[in-house]
Each structure stands twice: as C-alpha cells, then as structure tokens.
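Quick note: residue numbers are just sequence positions, from 1. Since this is a predicted model, take the numbers as computed values, not measurements.
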Amino acid sequence: MKFLHTSDWQLGKPFGRAPEEARAALLEARLDAIDALAAAARREGAGWVLVAGDVFDSPEPGDRVYRQALSRMKAADDVRWALLPGNHDPARADGLWSRLAGEAPANVIACLEPEAMKLDECAWLLPAPLQYKRTFEDPTAWFDTVSTPAGALRIGLAHGPVTDFSSGGGAANLLAPDRAKRAGLTYLALGDWHGRRAIDAFTHYSGTPEPDDFGREVTGVALLVDARNAAAAPLVTELPIGRYTWLAEDWMLNQVEDVDAQLAALAAGVERRHLVARLKIAGLLTLAGRVAVRDRLENGLAHEIRWLDLNLADLYARPTEHDLADIDANGVLREAAERLQSMAAEGDAQGRRAAAALERLYIEHQRAQRTGA
C-alpha cells in the first residue's frame, strides 16, 4: 500500500507579523498545498492522504478557508483523505469537526473516534484524535490492545510530541516514542512537530507541507510511504510540496560593498518571488554607507521577495566629516547633526533614538537636495 503522510496544514494561519499582501499570499499557499498533495498522490499512485492533525489553525478558521479546503479535496475525487483533529483544531462537541463530518465529500473522512478504520483489504488505520487542546494521557495508548486481521498493515495516525524532543515532564499530548513497536504498527504517522523528523524506521513526523516559520528543520514536504509488509519497515520518501522557502541569516558588513556579495549568495536556486527572508545585519559603516545598505534592502530586496523581515539594530553608523558636511557644512543643521552624533555615542535607549534621528536627518536632507536639483 502507498499513501502520503502530511500534517500541520494549519489552514487559516494569520501570519500576523507579515505585511497584508504577504499574509494573503502565505495563507493562499497553504490552501494551494492541498492541490499539490493531490497531484503528488496521483503521480505516485498513492490512494490515501493521511493528515496527522492541525488541519486548521483554529477551531474557527472562517467560512472561506473551511469551504476552500473541502472543495479542493472534493475536486481531487480520485484521492481519499483522512483528517485528524489536532491541538489547534480539537474535536470539541458541536464544533468545527461535527460540521465537517456532516458536510465532507465522500472522499474525505474525519477521524473523530479512537477506533480502527479499514482503509483497504490489507490495511487498517488507527487514529488518535484530540478532543481537547491539551491532554496529559497518551492518546495512542489504545493502539497496543486493539485487534486487526492477521497480517494486516496497522497504520497509526496521531498528533503530539514524543519524549525524544519534548520539554519533558508535564508536556501535553505526550506520545510514547516506541509506540510503533509496542502496538505492532507498520507505520506511525505523526504531526505537531513542524519540521521533518524520523523517530525510528516506523515512526515519522512529516512536517508542514508549506513552510510557516524561520529556523525549522526540513519543511515543505510530504512523505510517500510504501508499506509492503506488516513486519518490515516501509520505504519512506520525501516529496517536495511547498512553494515558499523561509530563510534566516545573520550578516556582518564591514563595508557597503559587502552587501552585494551577500545578496548574490542569498538562497541560490530559489526564485526571489518564492523567498521569505529574515535578515539580521550587524557591522559598523559610515552614515552614508548605512543609509545605502538600508535603501538596497528596503527598497530593493524587499520588493523582489515575498516578505523581508529586516533587523538593522546592530548595524551601527559612525558619521564621518563628509557625512556631516553632506547634511550642512556650517549651519544650524550641522549643529543639530553634531548634537545627535554626540548623543548617539552614549549607546543607551536615548542614544539609539538619536542615531535613528541623525539617519533620518541625513536621508531627508539628501531627498530635499535631489528635489531642489
């Protein structure tokens, strides 16, 4: 049997820190991942897509997100979808999942009860739906005792952290890392961890199919699982699904020209329009140099990629005599600039405000000169 393992779609995630245009694009990409998963399942001959929890980002994702999700899965009617409630969208009574169970198309199954479900003649699904956001009992414990036909493939579907990487005692929804062995599972499909991770040969986290944050391990994939024997480890292959690449980098600049080399090496092989980048820039430049770097990033790169999260707090400016002369050679603006420079040297909160004011003074004076010319 071949199937796709995916999780943590978190449809409707708001991406609150991103600008409005980027938020809309990132939200839509998560819906588009459903189409990409259907295409991958079709291409690989996988009849089922198993979604290991957090289909939605909240129990109230909004009608558009809800309808889009169902209509896209319905459109892929040659693929069957098994959806599991997770901690972001638990199956509380008379909520989202009750509605979904009543309105889902024939090829979509909501796994709302901890009971074995027949997938085909040789495979049974053991789902562990979360009824609450937090539970302190292992929701997969019942896997150990449930019976299935002799020789059948036993496939577990669950959502939560395992003790291998959780915070330890007191963690919610904690799963036994050796559950697959205890319960005689052919495969245990897990969600909750947004990066791709293999716990053992039989137990895997797929990660989210569309990346959603910086600093993750491998994301943007689904797992193709080829299970041929109930006792043997299945063949697990990563399939690329995601559209956007999320990249976080720290840059040290010693001169203005350094930014060109960094930009040339940024996310090689990734289309700029499909890049989300967090850049933290450090270094010491002239005032004119800092302004030039800021302009290159905010008015150049930021318009080339999907979203730039830029931090220039550690990129300091040391104004030169030429910088101050560019503001004003001898007049009142020169006096203001020198005063701000003196205050900025203190390095405290007031100094940081003074440095920002000096930079703004420089920019506005340069702009006024260009306008006057």
Tell me whether Leu157 is reachable from Leu223 by hopping between hydrophobic residues (I, L, V, M, F, W, Y) whose side-chain heavy atoms are closer than 4.5 Å. yes
Inspect the surroundings of OH in Tyr132 and state if more than 12 heavy atoms from other residues, nucleotides or ligands are less than 6.0 Å away. no
Less than 4.5 Å apart, any side-chain heavy atom of Pro19 and any of Trp307? yes
Closer than 3.5 angstrom, by distance alone: can the side chain of Asn87 be matched with the main-chain N or O of Leu130 as a donor-acceptor pair? no
What one should report as the nearest heavy-atom pair of Ala277 and Phe214 is C-CE2, 3.7 Å
Heavy atoms of other groups near Arg318 CZ, more than 12 under 6.0 Å: no
For the backbone of His194 and the side chain of Asp8, can you confirm whether one donor and one acceptor N or O come within less than 3.5 Å of each other? no
Mark yes or no for whether Arg30, through its side chain, and Trp9, through its backbone, hold a donor-acceptor pair below 3.5 Å. yes
CD on Gln10 to CG on Leu27, rounded to 0.5 Å: 12.0 Å
How many angstroms lie between NZ in Lys118 and OG1 in Thr148, if you round to the nearest 0.5 Å? 12.0 Å
For Arg228, does the CZ atom sit with more than 12 other heavy atoms under 6.0 Å from it, leaving out its own atoms? no
Hey, what do you get for CG (Leu275) to CD1 (Ile305), rounding to the nearest 0.5 Å? 4.5 Å
Short N-O contact, Arg243 and Glu210, less than 4.0 angstrom: no
Considering residues, nucleotides and ligands other than Glu304, do more than 12 of their heavy atoms fall under 6.0 Å from its CD? yes
Cluster overlap Trp142 with Leu185, hydrophobic side-chain contacts below 4.5 Å: yes
Minimum heavy-atom distance Pro234-Ala201, with the two atoms named: CD-O, 4.0 Å
Arg154 side-chain N/O to Ala183 backbone N/O, donor-acceptor pair under 3.5 Å: yes
Does the side chain of Leu174 reach to within under 4.5 Å of the side chain of Asp138, using non-hydrogen atoms? no
Could you check whether atom NZ of Lys280 has more than 12 heavy atoms from other residues, nucleotides or ligands sitting under 6.0 Å from it? no
Considering non-hydrogen atoms only, spot the tightest contact between Thr203 and Ala180 and give its length. OG1-CB, 3.4 Å
Under 3.5 Å donor-acceptor, Arg290 side chain and Leu312 backbone: yes
When you group the ILVMFWY residues by side-chain heavy-atom contacts below 4.5 Å and let the links chain together, are Ile241 and Leu247 in the same group? no
Straight-line distance of Arg179 CZ to Thr140 OG1, nearest 0.5 Å: 3.5 Å
Less than 4.5 Å apart, side chain to side chain, heavy atoms only: is that true for Leu31 and Arg64? yes
Criterion side chain to side chain contact (heavy atoms under 4.5 Å, CB included) on Leu253 and Ile281, from CA distance to verdict: CA-CA 7 Å; Leu253 304 182; Ile281 315 297; 3.6 Å; yes
How about Asp212 and Phe15: do any of their side-chain heavy atoms sit closer than 4.5 Å? yes
A side-chain contact here means heavy atoms from C-beta on lying under 4.5 Å apart; do Val49 and Thr6 qualify? yes
Go through it in stages, so that I can follow the logic: the residues are Glu238 and Arg196, the test is side chain to side chain contact (heavy atoms under 4.5 Å, CB included), and I'd like the CA-CA distance, side-chain angles, deciding distance and then a yes or no. CA-CA 9 Å; Glu238 295 178 9; Arg196 160 81 179 103; 3.2 Å; yes
Atom CG in Leu315, atom CG in Leu284: separation rounded to 0.5 Å? 8.5 Å
How far apart are the closest heavy atoms of Phe143 and Leu188, and which atoms are they? CE1-CD1, 4.0 Å
Can you tell if the side chain of Leu4 reaches within under 4.5 Å of the side chain of Val225, non-hydrogen atoms only? no
Heavy-atom nearest pair, Pro61 first then Tyr66, reads CG-CB, 4.5 Å
Does Glu28 pair with Lys13 as a salt bridge, N-O distance under 4.0 Å? no
Which atoms form the tightest heavy-atom contact between Arg278 and Asp309, and what is the distance? NE-OD2, 3.0 Å
Quick one: does Arg23's side chain have a donor or acceptor within less than 3.5 Å of a partner on Ala18's backbone? yes
Are any side-chain N or O atoms of Asp77 and backbone N or O atoms of Asn107, one a donor and one an acceptor, separated by less than 3.5 Å? no
Looking at Arg72 and Asp32, is there a salt bridge between them, counting it only when a charged N and a carboxylate O are closer than 4.0 Å? yes
Donor-acceptor check, side chain of Ser206 to backbone of Ser7, threshold 3.5 angstrom: yes or no? yes
Rounded to the nearest 0.5 Å, how far does OH of Tyr205 lie from CH2 of Trp193? 9.0 Å
Min side-chain heavy-atom separation Trp124-Pro149 under 4.5 Å: yes
Residues Asp63 and Arg67 bridged, charged N to O under 4.0 Å: no
Hey, are the side chains of Trp251 and Leu263 touching, using non-hydrogen atoms and a 4.5 Å cut-off? yes
The test is side-chain hydrogen bond (donor to acceptor under 3.5 Å, both in side chains); show your working for Thr219 and Thr208 and say whether it passes. CA-CA 6 Å; Thr219 57; Thr208 181; over 6 Å; no
Any side-chain to backbone donor/acceptor pair from His159 onto Gly86? Under 3.5 Å, distance only. no
Can you establish whether the number of heavy atoms outside His303 located under 6.0 Å from its atom NE2 is more than 12? yes
Within the distance-only criterion (no hydrogens, no angle test), does the side chain of Asp178 pair as donor or acceptor with the backbone N or O of Lys181 below 3.5 angstrom? no
Decide side chain to side chain contact (heavy atoms under 4.5 Å, CB included) for Val108 and Lys74; before the verdict, give the C-alpha distance in whole Å, the side-chain angles of both, and the deciding distance to 0.1 Å. CA-CA 7 Å; Val108 176; Lys74 181 180 180 180; over 6 Å; no
Is there a side chain to side chain contact (heavy atoms under 4.5 Å, CB included) between Asp89 and Asp57? Walk through the geometry before answering. CA-CA 6 Å; Asp89 55 358; Asp57 189 58; over 6 Å; no
Is Leu266 linked to Leu297 within one hydrophobic cluster, defined over Ile, Leu, Val, Met, Phe, Trp and Tyr using a side-chain heavy-atom separation of less than 4.5 Å? yes
So, applying side chain to side chain contact (heavy atoms under 4.5 Å, CB included) with Trp81, which one of Ile109, Leu70, Leu37 is it? Leu37
Hydrophobic clustering (ILVMFWY, side-chain heavy atoms < 4.5 Å, transitive) - are Leu126 and Leu84 grouped together? no
Dump the intermediate steps for salt bridge (charged side-chain N to carboxylate O under 4.0 Å, His left out) on Arg306 and Glu21, then the final yes or no. CA-CA 9 Å; Arg306 173 49 63 193; Glu21 183 179 336; 3.8 Å; yes
If you apply the rule side-chain hydrogen bond (donor to acceptor under 3.5 Å, both in side chains), what do you find for His5 with Tyr187, and how did you get there? CA-CA 10 Å; His5 165 202; Tyr187 185 81; 2.7 Å; yes
